[in-house]
Amino acid sequence: MKGLTDFMRASQLYAPTLRQMPAEAETKGHKLLLRAGFIRKAAGGIYTYLPLAWRTIKKIEQIIREEMDAAGGQEIAMPIIQPAELWRESGRWDVYGAEMMRLTDRHDREFSLGPTHEEMVTALIRDEVRSYKQLPLLLYQIQNKYRDEIRPRFGLMRGREFIMKDLYSFDKDVDGMNTSYQKMFDAYTKIFTRCGLKFRPVEADNGAIGGGHSHEFTVLAESGESNIACCTKCSYAASDEKAELKPLTAADEELLPVDKIATPGAHTIELLADYLKIPVEKTIKAVAFADEADGRLILAFVRGDHEVNETKLLNATGALHLVMADDDAIKAAGGCPGFMSPIGIDGAKAVVVVDATVANMKNAVTGANEVDFHYKNVTPSRDFPAFCQIADIRLVKEGDACPKCGAPLTLTRGIEAGQVFALGTKYSEKLNARFLDETGKEKPFQMGCYGIGVGRTMQAAIEQNGDENGIVWPRAIAPFEVAVVPINGKDEQQLSFAQKIYDELKTAGIDALLDDRPERAGVKFKDCDLIGYPLRITVSPKGIENGEVEVKVRKTGEIFVFAADAYLTEVQNLLREL
RNA sequence: CGGGGUGUAGUUCAGCUUGGUAGAACACUUGCCUUGGGAGCAAGGGGUCGCAGGUUCAAAUCCUGUCGCUCCGACCA
């Protein structure tokens, strides 16, 4: 394969496999990357990529480059070290907070280690691009990014230094931006398909980056950190943060007057439902947050069996970042932790958001803002104060109705390997990046940004495809496609036969490795399984004698024996299916 | 930030309670033997026990401090 260093001999390849498992690894992918000699940790969330990993990384990058270029992208390389001033212009120097790695030079000038490059690329464009005739413009790079994660974990899944492809699109209008967005969406679909991964593009929340619509490309894997909701009937799929929910309606029943009742010790929903012998669906749960930015109290109310979706709550309140509220703040607003409801809350001291499903409830039980007391027969539409804001703030759960067609949603775990954002003019306006349109009018650029975690994609492939014996690489991103293994690495005849096969594979354009190590067969077989070469060709005295070539498929464990003069075609056929 | 755990050979760990010659397995080196699923035998090399103080005749072990790493939590009302 072009551009790749050719380690043809395993005896010279630096691939320190471990027989024993380093203790700290958590997920399948993290364990296998360490065990199979792909990565080594330098510090929390910071890793060295060893030769095998780097080959895979380069293959993934190559696929990305080809698809980015095909979609009209041009590769550039922006600095990792970025001046603080740029981030102050966009307002993100403070917004990004502790997540940003910062440094100071000898003159006390402040810099960041780029966590992303919207500011940088926008500043680049604003000084150079003056006319709509120069648009659209799609620029991308593949390089290290830095984020001081609160808790790095799972190896390459959540690192503090990681490789990312980021592309930025600049268009003259919204239509143009949507066209660029669609190009990227299609390119991402091709990239993950070519990488041999099972994935799902899902509607996503834009989060802190802002802007309009967004999709995440989620690689399906049990060990993933994100949940996606997929419709069992139609094509709707969304991240759990995003998944919209229509409010549930309550059964018709006669509205009863509110009644205050003693509920000693019932400070959780479970205790309460238990004590009153009512279903949790008849209770209303309170969750108290504070906006980290201005400290204001935010009270969220959802049905007893539901959970608060913090992302939706953020969007509903315009808060910056939610933290747990402390009890004093709750009490100051008239609330009572453990026995809370909107009734009796001082609307001037708290933002109260009621989930749309709660707004439809009838004769429910809710706290009385007094220790050991609740109200029963509360009907929010009648009894809740007017300052309550009603919004969809609940987290999706298995079986909820699809917002598009009403069929049940199913929840699946996955790894967010890529995300595309339609940004609009958020950054171009902040940074004053404008051009002249056809009518000579000055306009801000319509932007989009599109990221792929390269290391994360590599690990995602393992999370999805590894088994108890090791990695099972999709052929397109395997460090080598075929390993040629003479069972006796000291036997001249076997070695030269293996060498001949190796040469033939290379000539046919197959990325092969010759395992010429003087190890016992068992050791080499174990390593092959661990490292996960899609195919293994075993060279034995028996095979040489019979003029046969033995091929083992890592994924299925199948073993094929081909005639020596015909094996090459068969190997190519097998590879095509992997 | 809150709460645990941990730091001893390249790696995984034991030893610490009850202070007294620093250990095992794997890895490594050399030789023999062996070669279809991480072999066997023999002989070796390798650690100022995270760091700094203190107690003691004597500290990996007890005390104090400090640094690193790691896990859980920070979506409970």
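Everything numeric here is computed off the predicted structure, so don't read it as measured data.
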Taking only N/O atoms, report every protein-nucleotides 24-27 of chain B pair under 3.5 Å with atom names and distance.
residue	atom	partner	partner atom	Å
B:A27	OP1	A:Arg19	NH2	3.1

> Going through the checks in order, is the side chain to side chain contact (heavy atoms under 4.5 Å, CB included) test met by A:Leu505 and A:Ile537?
Replying inline: CA-CA 11 Å; A:Leu505 292 171; A:Ile537 294 182; 4.0 Å; yes
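- With sequence neighbours excluded, the residues satisfying side chain to side chain donor-acceptor pair (under 3.5 Å) with A:Thr556 are A:Glu558.
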Are any protein N/O atoms closer than 3.5 Å to N/O atoms in nucleotides 7-9 of chain B? If there are, list each pair with its distance.
none

So which protein nitrogen or oxygen atoms get under 3.5 Å of nucleotides 29-32 of chain B's nitrogens or oxygens?
none

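- Nucleotide B:G40 forms a pair with B:C32, judged by Watson-Crick or G-U wobble geometry with both contacts under 3.5 Å.
- Between the side chain of A:Asp527 and the base of B:G38, a donor-acceptor pair under 3.5 Å is found.
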Write down the protein N/O and nucleotide N/O pairs, taken from nucleotides 75-77 of chain B, whose separation is under 3.5 Å; answer none if there are no such pairs.
residue	atom	partner	partner atom	Å
B:A77	OP1	A:Lys285	NZ	3.4
B:A77	O2'	A:His267	O	2.8
B:A77	O2'	A:Gly338	N	2.8
B:A77	O2'	A:Gly338	O	3.1
B:A77	N6	A:Ala288	O	3.3

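- Among the protein residues, A:Glu241 comes within range of no part of the nucleic acid, since none of its heavy atoms lies under 4.0 Å from any strand.
- The only member of A:Glu550, A:Glu548, A:Glu504 that meets side chain to side chain donor-acceptor pair (under 3.5 Å) when paired with A:Tyr567 is A:Glu504.
- Legend: side chain to side chain donor-acceptor pair (under 3.5 Å) pairs involving residues 512-537 of chain A, not counting sequence neighbours, sorted by first then second residue: A:Arg9-A:Asp516, A:Ser11-A:Asp516, A:Thr17-A:Asp527, A:Asp515-A:Arg517, A:Arg517-A:Asp527, A:Arg536-A:Thr538.
- At the heavy-atom level, A:Asp491 lies nowhere under 4.0 Å from the strands shown.
- The base of B:G37 does not come close enough to the side chain of A:Glu519 for any donor and acceptor atom to sit less than 3.5 Å apart.
- Between the base of B:G37 and the side chain of A:Arg536 there is a donor-acceptor pair shorter than 3.5 Å.
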